[in-house]
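One structure is given below, encoded as structure tokens.
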Amino acid sequence: MRVTYSPEDGDEQVFDYNPNKLMSAEREALEKRTGMPFNQFAKGVLSGHSLCRRALLHVLLKRQHPGISFDDVDFRWDELKVEMTKGEITLAVEQLREKGGQDDLVEAMLSGYDEAPEDEGKARLPFAV
């Protein structure tokens, strides 16, 4: 997944987010902050859950700015964009079609396919396993 943070008063920052590549301390911090098991948190990020997205941005920014606190992370909704790559959409749609009965979700995912970013390297599912 690609997370793009474009603050009105700062430089755009683009992060590659793979839930399976987070450090265990980061995953634990996300669970503690959101009160959700990590698999629910990861789905929350995809579905637009505000607290999940803020917590994720905090973790991503903390890598560059270790002293940043959660309270320092406050953004306008249109300053943060979370998007699946084309490869991730393709893999997710294949899995959903195998399970069946997810036609609305498949259509929603495919509707954004043309605008989705290209993959850099091998595509993987954006869900935590």
side-chain contact (heavy atoms from CB on, under 4.5 Å) between Tyr113 and Val93: does it pass, once the steps are laid out? CA-CA 11 Å; Tyr113 184 83; Val93 165; over 6 Å; no

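- Salt-bridge annotation for Glu83 and Arg2: absent, with no side-chain N of the basic residue lying under 4.0 Å from a carboxylate O of the acidic one.
- Only one option out of Glu12, Gln13, Lys81 pairs with Ser6 in a side-chain hydrogen bond (donor to acceptor under 3.5 Å, both in side chains); it is Glu12.
- You'll find the side chain of Ile68 reaches within 4.5 Å of the side chain of His58, heavy atoms only.
- Put simply, CG on Leu80 and CG on Leu60 are 9.0 Å apart, with the number rounded to the nearest 0.5 Å.
- When each of Leu57, Val82, Leu22 is tested with Tyr17 by the rule side chain to side chain contact (heavy atoms under 4.5 Å, CB included), just one qualifies, namely Leu22.
- The aromatic rings of Phe75 and Trp77 sit parallel to each other, their planes meeting at less than 30°, with 60° as the upper class boundary.
- If you take CE on Met1 and CG on Asp16, they are separated by 10.5 Å, rounding to the nearest 0.5 Å.
- With hydrogens and angles disregarded, no donor-acceptor distance shorter than 3.5 Å links the side chain of Arg76 to the backbone of Glu8.
- Residues passing the salt bridge (Lys or Arg N to Asp or Glu O under 4.0 Å) test with Arg97: none are found, sequence neighbours excluded.
- Interatomic distance, His49 NE2 to Thr34 OG1, rounded to the nearest 0.5 Å: 7.5 Å.
- Within the 4.5 Å cutoff, the side chain of Leu61 has heavy atoms near those of the Val73 side chain.
- Within the 3.5 Å criterion, the main-chain N or O of Phe70 finds a donor-acceptor partner in the side chain of Arg54.
- Evaluation of the side chain to side chain donor-acceptor pair (under 3.5 Å) test over residues 61-72, restricted to residues two or more places apart or in two chains, returns Glu26-Arg63, Ser69-Asp72.
- A donor-acceptor pair is defined here as one N or O able to donate and one able to accept, closer than 3.5 Å; no such pair exists between the side chain of Glu79 and the backbone of Tyr5.
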Kindly indicate, with the supporting measurements, whether the criterion side-chain contact (heavy atoms from CB on, under 4.5 Å) is fulfilled by Leu46 and Met84. CA-CA 8 Å; Leu46 285 172; Met84 293 173 64; 3.9 Å; yes

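- Between Lys86 and Ala116, the closest heavy-atom pair is CE-O, 3.2 Å.
- Arg27 contributes atom CZ, which lies 11.5 Å from atom CE of Met23 (distance to the nearest 0.5 angstrom).
- At distances below 3.5 Å, at least one donor-acceptor pair connects side-chain atoms of Glu88 with backbone N or O atoms of Thr85.
- Phe41 has its side chain within reach of Leu56: a pair of non-hydrogen atoms, C-beta onward, lies under 4.5 Å apart.
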